[in-house]
Amino acid sequence: MGKVEINVEACKSCEYCVISCPKKVLAVGDQVNSKGYLYVVAAEPENCIGCAMCAQMCPEAAIEVWK
Amino acid sequence: MGKVEINVEACKSCEYCVISCPKKVLAVGDQVNSKGYLYVVAAEPENCIGCAMCAQMCPEAAIEVWK
Amino acid sequence: MERNLMIAGFGGQGVMTMGKLLSQATCDATDLNVTFFPSYGAAMRGGTSNCYVVISDESIGAPVSDMVDDLVVMNGPSLQKFIGDLKAGGTLFINSSIVKDKIERDDISVVSAPVTEMAIDMGNPRALNIIMLGVYIGYTKAVDEAVILKGIEHKFEKKQKLIPPNIEAFNKGLEIGKSQVK
Amino acid sequence: MERNLMIAGFGGQGVMTMGKLLSQATCDATDLNVTFFPSYGAAMRGGTSNCYVVISDESIGAPVSDMVDDLVVMNGPSLQKFIGDLKAGGTLFINSSIVKDKIERDDISVVSAPVTEMAIDMGNPRALNIIMLGVYIGYTKAVDEAVILKGIEHKFEKKQKLIPPNIEAFNKGLEIGKSQVK
Amino acid sequence: MGEQRVFMKGCEAIAEAATRAGCRFFAGYPITPQNEIPEYFARRMPEVGGTFVQGESEVASVNMLYGAASTGIRAMSSSSSTGISLYSEGVSYSASARVPIVYVNVVRGGPGIGAIQPAQQDYFQATKASGNGGFRMIVLAPSTVQECVDMVYEAFDLAARDQNPVLVLTDGVVGTMMEPVVLPPMKTDAELAKLREAYADRAIVGHPLGQQAYCRPGSVGNGQEAVNIEAAKLYDTWDKDIRVENRMTDDAEIIIASYGISARISEVVIRELRKEGVKIGMIRPITVSPFPYQAFEDIDFGRVKGILDVEMSIPAQMKWDVEYAVHGRCPIKECLRSGGQLLTNDQVMAAARELIKEVL
Amino acid sequence: MGEQRVFMKGCEAIAEAATRAGCRFFAGYPITPQNEIPEYFARRMPEVGGTFVQGESEVASVNMLYGAASTGIRAMSSSSSTGISLYSEGVSYSASARVPIVYVNVVRGGPGIGAIQPAQQDYFQATKASGNGGFRMIVLAPSTVQECVDMVYEAFDLAARDQNPVLVLTDGVVGTMMEPVVLPPMKTDAELAKLREAYADRAIVGHPLGQQAYCRPGSVGNGQEAVNIEAAKLYDTWDKDIRVENRMTDDAEIIIASYGISARISEVVIRELRKEGVKIGMIRPITVSPFPYQAFEDIDFGRVKGILDVEMSIPAQMKWDVEYAVHGRCPIKECLRSGGQLLTNDQVMAAARELIKEVL
Amino acid sequence: MEKVYKKTLGVLPDTVSGFCPGCMHGTVHKLIGEVAEDMGKLDKLVRVEGVGCCGLGQFYVSCDETIAAHGRACAVATGIKRSSPDSLVYTYQGDGDLAAIGLAETMSAANRGENISVIFVNNGIYGMTGGQMAPTTLLGMNSTTTPGGRNAEEHGYPMHMCEILNQLTAPTYLVRTSVDTPQNVIKTRKAIKKAFQNQLDEKGFSMVEIVTSCPTNWGLSPLDSLDFLRDKMFAEYPLGVVRDK
Amino acid sequence: MEKVYKKTLGVLPDTVSGFCPGCMHGTVHKLIGEVAEDMGKLDKLVRVEGVGCCGLGQFYVSCDETIAAHGRACAVATGIKRSSPDSLVYTYQGDGDLAAIGLAETMSAANRGENISVIFVNNGIYGMTGGQMAPTTLLGMNSTTTPGGRNAEEHGYPMHMCEILNQLTAPTYLVRTSVDTPQNVIKTRKAIKKAFQNQLDEKGFSMVEIVTSCPTNWGLSPLDSLDFLRDKMFAEYPLGVVRDK
Ligand SMILES: Cc1ncc(C[n+]2csc(CCOP(=O)(O)OP(=O)(O)O)c2C)c(N)n1
Ligand SMILES: Cc1ncc(C[n+]2csc(CCOP(=O)(O)OP(=O)(O)O)c2C)c(N)n1
Ligand code: SF4
Ligand code: SF4
Ligand code: SF4
Ligand code: SF4
Ligand code: SF4
Ligand code: SF4
Ligand SMILES: [Mg+2]
Ligand SMILES: [Mg+2]
């Protein structure tokens, strides 16, 4: 079991986390942040295993992970 | 049979020609030129074979060779 | 008479294209003086991007201003950043699809158009800038609408099939602009 | 009173050493102002090399001059090149072992010494410059001879055994210099 | 009107004008806000049989330029501020060897890397010391895209005439803005060949024995001094090349001193104030080197009560040249921005009004 | 006297004085006529625990200097003319980021590679534009080896005080001549540690989180303009730092304007002419930047009939600054050499006599 | 639950980077911060920033920093490290900075074996100035100064900096990595750590070349740029250790 | 009898070079003149002179000549050759010029494959300025800026330019020769000829590195410097063809 927290203001919607998540937890959401980016959300948070692959990949250090 | 002609004003007495001559034709003379160098002379001109080894070596292009 | 306009928005909203189209068309089809000045630098790296257009029948001084006659804002951050640069009595053009903030100033006119939505509705989401240009021209008559129509034709000379939808977009905007003239 | 000297010769003739010894010694043992200026550039690549020494009881202006009081020439090309820089009434010091040219000017004094030969005779061929320094001091008394003697001791502080032969060389020169004072 | 006008960005207009003037070699290194110049040349040169080289640096680029121009071809480069600093040695070489390079500085905020936004902070460097050794150049300061075009076009003729570098000093506003411009005619290959021919003796391209050409940016013995004396004589001939715009100075009581982008801003301010009846005019140096000192000497200080020096530099730079000529005969006030912050019409207006209040 | 005097070459004295002032880092690239400076540092730095680096170029060297000085250590470099051109960018960076570099230009003939012999041809570059962006520096112009020593010694204090570059502008004569000199005391390690400590906050050496030091030669937004305004304020404080020597100007009817090597030559001429009863004096700028304009403004033009500008530059350069202050109130004649050709006492004497004949 | 991945203190809290979406400069900045934090060296860290898009990082990192003139980071770092040997000094340079204008400075510092760590971000383009050719631009790749694509005859070939520096005797560690997958991110972190550790151990010059993308100037979406990176860039710039001594 | 060796027209008649006794710059100048004369190309020859003792050759050679700023000969040659493709353009550069200050220009021109011929005279020292360390100075060798001899820790290692350039794809011909024996003189002449011929054939960048002596700054007589050259310099800089394509 894991948990991710995404800093929505820092997210730029590159989707690196989305494609890196082995559990397909993440997805681009439908809200834009103040910079106009459609930020990523944990669409299926229950699947998260806390492997931090997403966080490793995030260029913006926008993801923190708990396990 | 060969012959060398040395431009005495150009000679700087480096002796590269002297040591390169297979026939020991050349030697540093006892006269200085206007720049103060003891220029090289054909001490034993009769031994010259015109091989131009001396001329090849001369940094000052001071030697011309006939054969 | 000199009229200057600043257009601001996100990088992808066609802010530069809008300014360039207006100014290029004005150069091509009128005898007016016109300048286009892109604020460069921050532009590429996301964030807001903006440009200035000045149109005048006399020679033009600074192609930029911190006291513009007209301000177009395509997104929220631009509004915050530039609202102070609009002169008293000036006109603010708002992309009301995105810009939801309350306008604090009461010394200006505000013209709103939900250009993002309209563009999406038209099936041409990138055309929001052309719609906004229509709004602007419709409201201000800064140049004759024919000037812009020619400009659109010129711009898409090599992609003829893009002309009709863009003209349509422009006309949609024009209507809104005209309708809001008090 | 300011006295300026130019020393010129081949690279290997110790021209710089001579000038430096004279000026350094003057600095160390007197209260006089003194400058040493090596003409650099052409120096290293064969050809002539030269330097200037100016000694004065007042502040010194240019450490170089094209109107020197004294000129030392150690070889023929230097004579040709610099004879014109000697002022009327000045003194020319010649290494007569090498410089065979006739001196065309008659408005100067000429002091000759065969310093190359003398040095070879002394078994110390490199000392020709020290001999010439002796000649110069003997003739001009530009500084006291004791100043130079101290200077020689100082210069060879770490090679004590070189002191006597150099003092000998200097003294040989001194004699000649003194003997030519008119 | 209208039919000949094209709407162009300053940088691109510069590159096109140079091409039409016969420039067939460009070397440069990217730097904002002038990237459109090399980019334009990269596209344009192949079309006209010319060469574009992206140098590995500004130092390399200016030396490529020096090499190219020494062959007698028309050659150019451009850069901005901190990049122009790296041109110093190469420009100095060109001045010493009398190689007719042309280059453009699209000035941005400085010193150092400064800011990529426009400024006019390289005035001293451009006009007083673009490198070591005290050489001089003609430095042209356009204030519109049209003037950029005209001056770049002419710069090649001036450089060739004097066999001396010429600098076009503009800024990030004029370089990046678009405005209508009328382009000059394209010089034909025949014309260019003739121009090149005129200096064939000096061209470093290879010559028969005995007719060698030497390009020497320095010399031993008396050589360099002779070169400098020769150059000084050239500089003395430049009185005829001084260009200055006197705008409504005949009856002016207030004079704005300004050049380049600042001058065009000031122009509007003058127009507005004239409408109000204020007797204000402008002296605008067009050649900032040689500087039109005489225009300021000629001011009737009985009538003129104050000068407003308007430039995008802090501290002020051109002001020194103005002071040189004015020498305290009337107050000189400053209206400055710098570091990439732009002057606007309103700021100049405000400064002018303040001066008016003080002195009139 | 005598006992403290040492007989030293200008360049070596400069290096020793710097060492005694606490310089512990030198980066430089060989160039005549200042090779003895790096060579001396190469020997000397290891003795005092300092660093000598032979840069791969002047560009690298000045940037090493910038880096070293940004750590708060006293650091220096030197070069000559064409090499100094390559410092332009680095010096401009240092001025923008307020890094207290000290450097020496041992001027040779220019422009370009010029001649390796001495000259004073970099005056404009040194005083008006040592790089892009319109920054300023204090520029000291010694005319004797002793002054080189004293000024280099002090330069580090000035640089540290202002956190701004300082340039010592000398020439190939003073740099390569030997003369007696009295050396200043060696600063102790404790003194140096204290000096470094004073700017520890700014030192780019690593700091705890929240206390980071940033060395910024440029900035976005309003940043750079603020930096420039700050710098302009600094420059305005330099009136107190202006140094000028008025030599026998009280009753002078002729004034020589000269600096550095030319001034010491002129000094002798004045001495000789005074013996003849000629009322001649000299104004010698010691800081050539800021320039002592006031000294020239203060001239009594009722009495003074002519000025002789003596410098080793063609065309004249310092003369421009003199003219700025004199503004035609008396004739200014030139006595110049350049390109590595040296002024002699006799030439200056001849020029002075000619001026005397003309105006007295 | 325990936090297993947190934002490093090496970048400023509450600050969003200035990089474009998907730009790997962000990743590299983050990794440097993480490594220095891990090593307990954040307070000794000195960043010598090249000129390029890394300049957008200047308001993002939290360590002492100086901006070097374009290309001169290795010279500046030489001055700093020699004057302050206790500092942990790294340069951060793009391919234009390190391999074009700064080629002599990079190679000469490497040749002297300066005890510094060089982080070299190779994105095959001049990012900051809008997409001009870099020395590492691939053949055929478009740039604004090579319309029609870089061609060998006119513009020469892509330069391989690790291999070139490997011709010098002094360098200690030369490695090429990327950050296109979590695995490669982890490898790059290790490489940076090694480069820093070498410096602490006074082993001299280390360079970590990180092959990255520039979605903006490549004209690709972040995800598409990942493909290009793997297909094209890695083919020219094979990942791996080039020297480790 | 027939003249079998004559002074080349490539150097001025009745002019003595400015080089020191035994300096091999003289030899190389002579060889270049001979080759160009042989090829009938003296009237197309353009010399781009570096800054160093080769500067003493400027009043000695008889061909068109420009003096490049120190280190920038390859950039200047690029400008010339691209503007005047019919000229036979060579640079003449010392080791300080080509491998220190000019490293970026040399390598970048080589990488672009500029169609020029580079004559690189490696004497392991800065001759002109009086004996400072060059990038090619041998370890242990004295110079005025490495008192006590060059040491690797502080000054790094001798640089091998042929091998470094061999890491680039574009160069056509890279060779290292010397002029210490008549045989080697002949080989060097051939190498220069090949470099020139490559240029005429539009084959791109060639470099002939000639390992020479500097008797003056080595502090050796000409003959002793020959020994040092063979014993020490050749050991570090092995003669031979490094690339020929
Ligand atoms: C002396 C100088 N020349 C040019 C520039 C303009 N400039 C800024 S960044 C840059 C290149 C950036 O490319 P790169 O180093 O590859 O970094 P990237 O942006 O791709 O990360 C250039 C040329 C400058 N700032 N200074
Ligand atoms: C920009 C610049 N920096 C430095 C110099 C001084 N300088 C002249 S020659 C030279 C080095 C010469 O060494 P090298 O290239 O090895 O040639 P060599 O004399 O040994 O043949 C230097 C540093 C210069 N002329 N210009
Ligand atoms: S921690 Fe692992 S499982 Fe959870 S969202 Fe991130 S990548 Fe997916
Ligand atoms: S990797 Fe980071 S920036 Fe990219 S989409 Fe995911 S959270 Fe956003
Ligand atoms: S030609 Fe041959 S034999 Fe004759 S002198 Fe020369 S080297 Fe000796
Ligand atoms: S090789 Fe030439 S310069 Fe040397 S000694 Fe012989 S003739 Fe003289
Ligand atoms: S332009 Fe390229 S390198 Fe620069 S921030 Fe954007 S994606 Fe990154
Ligand atoms: S100093 Fe050395 S390289 Fe220069 S000419 Fe003399 S021997 Fe040759
Ligand atoms: Mg890049
Ligand atoms: Mg060498």
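In the text below, chain A, chain B and the rest are named by the order of the sequence lines, each starting its count at 1. Keep in mind it's a predicted model, so treat the numbers as computed, not measured.
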Of the listed residues (S92(E), P217(E), G50(E), G210(E)), which shares the most heavy-atom pairs with chain H below a 4.5 Å separation? P217(E)
Distance (rounded to the nearest 0.5 Å) between Y66(E) OH and R72(H) CZ: 13.0 Å
If I take atom CZ from residue R82(H) and atom CE from residue M45(E), how far apart are they, to the nearest 0.5 angstrom? 13.5 Å
ring-ring contact (aromatic ring centres under 6.0 Å, His included) pairs touching residues 44-88 of chain H, sequence neighbours excluded, are Y29(F)-H70(H)
Atom CD1 of I80(H) and atom SG of C215(E): how far apart are they, to the nearest 0.5 Å? 7.5 Å
E105(H) side chain reached by V59(E) side chain, heavy atoms, under 4.5 Å: yes
How close do F25(E) and S83(H) get, counting heavy atoms only, and between which atoms? CD1-OG, 3.6 Å
Can you tell which part of R47(H) gets under 4.5 Å to a heavy atom of chain E, answering side chain, backbone, both or neither? neither
Determine which residues belonging to residues 68-76 of chain E lie within contact range of chain H, meaning some heavy atom pair is under 4.5 Å apart, and list them by number or answer 'none'. A68(E), S70(E), T71(E), I73(E)
Is it true that, when you exclude D14(H) itself, more than 12 heavy atoms of the residues, nucleotides or ligands shown sit nearer than 6.0 Å to its CG? no
Proximity breakdown for A27(E) and chain H, heavy-atom pairs closer than 4.5 Å: neither
Considering only heavy atoms from C-beta outward, does the side chain of Q212(E) approach that of S62(H) to under 4.5 Å? yes
Chain H contact via A203(E) - which portion, at a heavy-atom distance below 4.5 Å: backbone
Is there a side-chain contact between E56(E) and M107(H) (heavy atoms, below 4.5 Å)? no
Quick check on V53(E) against chain H: is it the side chain, the backbone, both or neither that has a heavy atom closer than 4.5 Å? side chain
Which atoms of Y214(E) are under 4.5 Å from chain H, going by heavy atoms: the side chain, the backbone, both sets, or neither? both
Using atom types as modelled and distance alone, determine if a side-chain donor or acceptor of D43(H) lies under 3.5 Å from a backbone N or O of P208(E). no
For K187(E), is the NZ atom crowded, meaning more than 12 foreign heavy atoms sit under 6.0 Å from it? yes
Can you tell me if D64(H) uses its side chain to pair, donor with acceptor, with the backbone of V205(E) under 3.5 Å? yes
Chain H contact via F26(E) - side chain, backbone, both or neither, heavy atoms under 4.5 Å: neither
Leading residue by heavy atom contact count with chain E [cutoff under 4.5 Å; candidates S84(H), A69(H), S87(H), S108(H)]: A69(H)
Give, as side chain, backbone, both or neither, the part of S57(E) having an atom under 4.5 angstrom from any heavy atom of chain H. side chain
Suppose a student defines contact as a heavy atom less than 4.5 Å from any heavy atom of chain H. Which residues in residues 190-198 of chain E would they list? R196(E)
Side chain, backbone, both or neither: which part of V89(H) has a non-hydrogen atom closer than 4.5 Å to chain E? neither
Where the side chain of R216(E) meets the backbone of Q58(H), is there a donor-acceptor pair that is under 3.5 Å apart? yes
Applying salt bridge (Lys or Arg N to Asp or Glu O under 4.0 Å), can you list everything that pairs with R189(H), at least two apart in sequence or on another chain? E34(H)
Chain E heavy atoms under 4.5 Å from I67(H): which part of the residue, side chain, backbone, both or neither? both
Within the supplied structure, the quantity of interest is the number of heavy atoms (other residues, nucleotides, ligands) at a distance under 6.0 Å from E2(H) CD; does it exceed 12? no
